[in-house]
Structures are given as C-alpha cells and as structure tokens.
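To start, the structure under review is shown below, and the notes come after it.
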Amino acid sequence: MAAFVCCLGLTVCTSCEDTDKEPPVNAGYKTNIRMPDAEDLSTEDLELIERQQAEYDQNKNNI
C-alpha cells in the first residue's frame, strides 16, 4: 500500500510539469528566404523536355 501511495505521489508531482513536447518551428532560424532568379530555357533544353514528354505520353499506358 505504501508503494502505491509513493507511485501515486510521484505521478502527481511529475504530471504537473509544463514542458513543450515540440520546439517552436522558427526559433533561431532566419525567416527571410531569397529565391534564385529565374533562368530562360535554351532551345536545346526545350527540345529535350518535349522529347521526354512525347516518350512519356507514348508509354504511359504500356505498364
């Protein structure tokens, strides 16, 4: 019985602690993000993308 009372007392004392389970999301991190400038695709890049898209469209139902 004494062990039960001790365990109950320990549970009551430790359950009252106010601890954060997860840290704040942006604590200590910079919030200003600079995105890189966009670059235009070259003709070669556009042709490659079009070839890949055509190949994908041709084979997407051949699983």
Side-chain angles (χ1 to χ4, degrees):
M1 185 68 164
F4 176 73
V5 172
C6 287
C7 288
L8 182 62
L10 183 61
T11 302
V12 170
C13 290
T14 58
S15 65
C16 295
E17 292 180 20
D18 184 25
T19 59
D20 294 333
K21 300 215 184 272
E22 296 180 10
V25 176
N26 287 328
Y29 295 101
K30 288 179 84 174
T31 56
N32 296 335
I33 298 173
R34 183 180 180 277
M35 297 297 291
D37 296 333
E39 296 180 16
D40 293 332
L41 294 175
S42 68
T43 305
E44 292 177 357
D45 293 334
L46 291 172
E47 290 173 355
L48 174 64
I49 293 170
E50 288 174 5
R51 286 194 310 269
Q52 289 177 334
Q53 184 66 45
E55 181 182 356
Y56 173 78
D57 291 339
Q58 180 183 1
N59 295 313
K60 68 181 174 185
N61 292 325
N62 295 336
I63 297 177

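Computed from heavy atoms alone, side chains included, the values below leave out hydrogens, waters and symmetry copies. Quantities reported herein were computed from a predicted structural model and do not represent experimental measurements.
The side-chain contact (heavy atoms from CB on, under 4.5 Å) test applied to Leu46 returns Leu41, not counting sequence neighbours. Remark: Glu50 engages no residue in a side-chain contact (heavy atoms from CB on, under 4.5 Å) (not counting sequence neighbours). With sequence neighbours excluded, no residue forms a side-chain hydrogen bond (donor to acceptor under 3.5 Å, both in side chains) with Gln52. Scanning for side-chain hydrogen bond (donor to acceptor under 3.5 Å, both in side chains) contacts around Asp40 gives an empty result, with sequence neighbours left out. In this view, Thr43 satisfies the side-chain hydrogen bond (donor to acceptor under 3.5 Å, both in side chains) rule with no residue, not counting sequence neighbours. Asp37 meets the side-chain contact (heavy atoms from CB on, under 4.5 Å) test with Arg34; sequence neighbours excluded. For Arg51, the side-chain contact (heavy atoms from CB on, under 4.5 Å) partners two or more places apart in sequence, or in a different chain, are Glu47, Leu48.
As a member of the Ile/Leu/Val/Met/Phe/Trp/Tyr network built from side-chain separations under 4.5 Å, Tyr56 groups with nothing else and remains a singleton.
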